[in-house]
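These notes are about the structure you will find just below.
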Amino acid sequence: SVESIDQTTPILKGEGSGIFELNVPANVRSYFMLKANGDHFILADKHLPMTGGFNFRDMGGIKTSDGRHVKWGKIFRSDEMDALTDADLDYLSSIPLISVVDFRSDSERSAAQDRNPSSVVQNYAYSIDPGSLMNMDSLFYLSESALDTMMMNLNISLVTEPNIINRYKDFFHLLQNEENVPLLFHCTAGKDRTGMGAALVLYALGADDNTVIEDYLESNIYLKDKYAGYIEQYPNLQALFGVKREFLEAGIQHIKNEYGTVERYLEEVLDVDIHAFRRKFLQ
């Protein structure tokens, strides 16, 4: 963990630029402190090296508007966890991951049950049912623009439908309890339900719009291999297998139209103590 970094003996010293190889095990989660010019920085791989997963990310290191950074090793996001290997589970246990929040619907969960690391104390089934997105047969005939509109409407529903709001409220309640962290939250692709959840977390921590959108769009990088075959076969369905900034912006703009700021929505609708949340997760 970041707290256990041994600052007495450097594992590597160097000057200039280039590649500096670290002799550390690759099968456990590691964090590093880089000291340079009288300052220090915490570094780690943002994308977790899962053999049985694609969109696994540590939300640490992201910079907020006041110049602070999200703490490493506290909040993680991912796609589905049913195909994780034993080595993947050992890696996640080394964090150690304590809680998992599963945003998938009951039918998704039944078809592909999570594989939980041994360190996990509780897996929370906080179902967010994407409704019409589950009826794939009706989507094959839609145009790209129609699918874009559907995805924008989905993101609006993620922040307006009462049952979904309750799921996100439960999610933030868990995060605000120290006993539940480190926590990982996920859905099937880790881009829509999880993408909105991650955006709300970053807004709660004081990230600006551009930072939130950049993090959201990274799903296109990590999911490329996962859905390449589907996109090649059904190119008109690309909107379903990736993300566009206007998808997330539709939901966020709706919040701003109704509440003025996302922070006010978080406080009044999701019961987030913004100041306590930032004390807990920022450094």
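Between the side chain of Asp66 and the backbone N or O of Arg68, at least one donor-acceptor pair lies under 3.5 Å. Distance alone, capped at 3.5 Å, is enough to place a donor-acceptor pair between the Ser94 side chain and the Arg29 backbone. Within the 3.5 Å criterion, the main-chain N or O of Thr211 finds a donor-acceptor partner in the side chain of Asp208. Proximity of a side-chain donor or acceptor of Gln176 to a complementary backbone N or O of Phe172 within less than 3.5 Å is detected. Of the possible polar contacts, one joining the Ser99 side chain to the Asn180 backbone as a donor-acceptor pair under 3.5 Å is found. Between the side chain of Ser93 and the backbone N or O of Pro96 there is no donor-acceptor pair closer than 3.5 Å. Under the 3.5 Å distance criterion, the side-chain polar atoms of Asp58 are matched with a main-chain donor or acceptor of Gly73. For Lys71 (side chain) and Met59 (main-chain N/O), no donor-acceptor pair under 3.5 Å exists by modelled atom type. A donor-acceptor pair under 3.5 Å links the side-chain atoms of Trp72 to the main chain of Ile42, judged by distance alone. Under the 3.5 Å distance criterion, the side-chain polar atoms of Lys191 are matched with a main-chain donor or acceptor of Gly242.
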Problem - side chain to side chain contact (heavy atoms under 4.5 Å, CB included) between Asp79 and Thr188, worked out - result: CA-CA 5 Å; Asp79 55 338; Thr188 296; over 6 Å; no
Practice task
Apply the test side chain to side chain donor-acceptor pair (under 3.5 Å) to residues Arg245 and Tyr216: give CA-CA distance (whole Å), side-chain angles for both, the deciding distance (0.1 Å), then the verdict.
Solution key: CA-CA 8 Å; Arg245 64 183 304 126; Tyr216 175 75; over 6 Å; no
Exercise for the section: Give the C-alpha distance, both sets of side-chain angles, the deciding distance and a yes or no for ring-ring contact (aromatic ring centres under 6.0 Å, His included) between Phe54 and Tyr222. Expected result: CA-CA 6 Å; Phe54 293 83; Tyr222 302 126; over 10 Å; no
Problem - Audit row: Val269, Tyr168, side chain to side chain contact (heavy atoms under 4.5 Å, CB included) steps and yes/no - result: CA-CA 10 Å; Val269 179; Tyr168 284 134; over 6 Å; no
Problem - Worked verdict on Leu184 versus Val101 for side chain to side chain contact (heavy atoms under 4.5 Å, CB included) - result: CA-CA 6 Å; Leu184 178 146; Val101 172; over 6 Å; no
Exercise for the section: Test Thr160 against Ser157 for side chain to side chain donor-acceptor pair (under 3.5 Å), laying out the working first. Expected result: CA-CA 5 Å; Thr160 56; Ser157 72; 5.7 Å; no
Exercise for the section: Show your working on salt bridge (Lys or Arg N to Asp or Glu O under 4.0 Å) between Arg279 and Asp273 and close with a plain yes or no. Expected result: CA-CA 10 Å; Arg279 286 196 302 269; Asp273 185 333; 5.3 Å; no
Practice task
Could you walk me through whether Glu249 and Lys244 pass the salt bridge (Lys or Arg N to Asp or Glu O under 4.0 Å) test, one step at a time?
Solution key: CA-CA 9 Å; Glu249 286 175 338; Lys244 296 181 181 180; over 6 Å; no
Exercise for the section: Could you go through the side chain to side chain donor-acceptor pair (under 3.5 Å) check for Asn155 and His254 one step at a time? Expected result: CA-CA 9 Å; Asn155 276 270; His254 185 88; over 6 Å; no
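Cluster annotation: Leu237 and Leu223 are assigned to the same hydrophobic cluster (Ile/Leu/Val/Met/Phe/Trp/Tyr, side-chain heavy-atom contacts under 4.5 Å, transitive).
More than 12 non-hydrogen atoms from other residues, nucleotides or ligands lie less than 6.0 angstrom from CD of Glu218. No more than 12 heavy-atom neighbours from other residues, nucleotides or ligands sit within 6.0 angstrom of CD on Glu144. Atom CD of Glu179 has 12 or fewer neighbouring heavy atoms from other residues, nucleotides or ligands inside a 6.0 Å radius. Counted within 6.0 Å of CD on Glu161, heavy atoms from surrounding residues, nucleotides or ligands total more than 12; the atom is thus considered enclosed. With a 6.0 Å radius and a threshold of 12 heavy atoms from other residues, nucleotides or ligands, His173 has its NE2 atom at or below the threshold.
Note on Arg115 versus Asp88: no salt bridge recorded, every NZ/NE/NH1/NH2 to OD/OE distance being 4.0 Å or above. Ionic pairing of Arg104 and Asp114 is present here: one or more N-O contacts between side-chain nitrogen and carboxylate oxygen are shorter than 4.0 angstrom. Using a 4.0 Å cut-off between charged nitrogen and carboxylate oxygen, Lys280 and Glu178 count as a salt-bridge pair. Taking a cutoff of 4.0 Å between a charged side-chain nitrogen and a carboxylate oxygen, Lys226 and Glu80 qualify as a salt bridge. Under a 4.0 Å N-O distance rule, the pair Lys256/Asp209 qualifies as a salt bridge.
The CG atom of Asn177 lies 12.0 Å from the CD1 atom of Ile98; values are rounded to the nearest 0.5 Å. Once rounded to the nearest 0.5 Å, the distance linking CG of Leu48 with CZ of Arg77 reads 12.5 Å. For the atom pair CG of Leu202 and CD of Glu214, the computed distance is 11.0 Å after rounding to the nearest 0.5 Å. Rounding to the nearest 0.5 Å gives a distance of 12.0 Å between CG of Leu147 and CG of Leu154. Here CZ of Phe277 is found 5.0 Å from CG of Leu175. Values are rounded to the nearest 0.5 Å. Between atom OG of residue Ser1 and atom OH of residue Tyr31 there is a gap of 8.5 Å, rounded to the nearest 0.5 Å.
Residues Thr194 and Cys187 come closest through the heavy atom pair OG1-N, 3.0 Å. In terms of heavy-atom proximity, Ser30 sits nearest to Pro25 at OG-O, 4.3 Å. Nearest heavy atoms, Tyr227 versus Ala189: OH-CB, 3.4 Å. Closest non-hydrogen pair, Leu217 versus Val243, comes out as CA-CG2, 3.9 Å. Residues Ala204 and Arg278 share a closest heavy-atom pair of O-NE, 2.8 Å. The minimum heavy-atom distance between Ser105 and Glu108, with the atom names listed, is N-OE1, 2.8 Å.
In summary, the side chains of Gln253 and Asn257 do present a donor paired with an acceptor at a separation below 3.5 Å, with no hydrogens or angles considered. Side chains of Ser219 and Arg57: a donor on one and an acceptor on the other come within 3.5 Å. A donor-acceptor contact closer than 3.5 angstrom is absent between the side chains of Arg167 and Ser127.
Residue Phe103 forms a ring pair (Phe, Tyr, Trp, His ring centres under 6.0 Å) with just one option from Phe171, Tyr124, Tyr126, and that option is Phe171.
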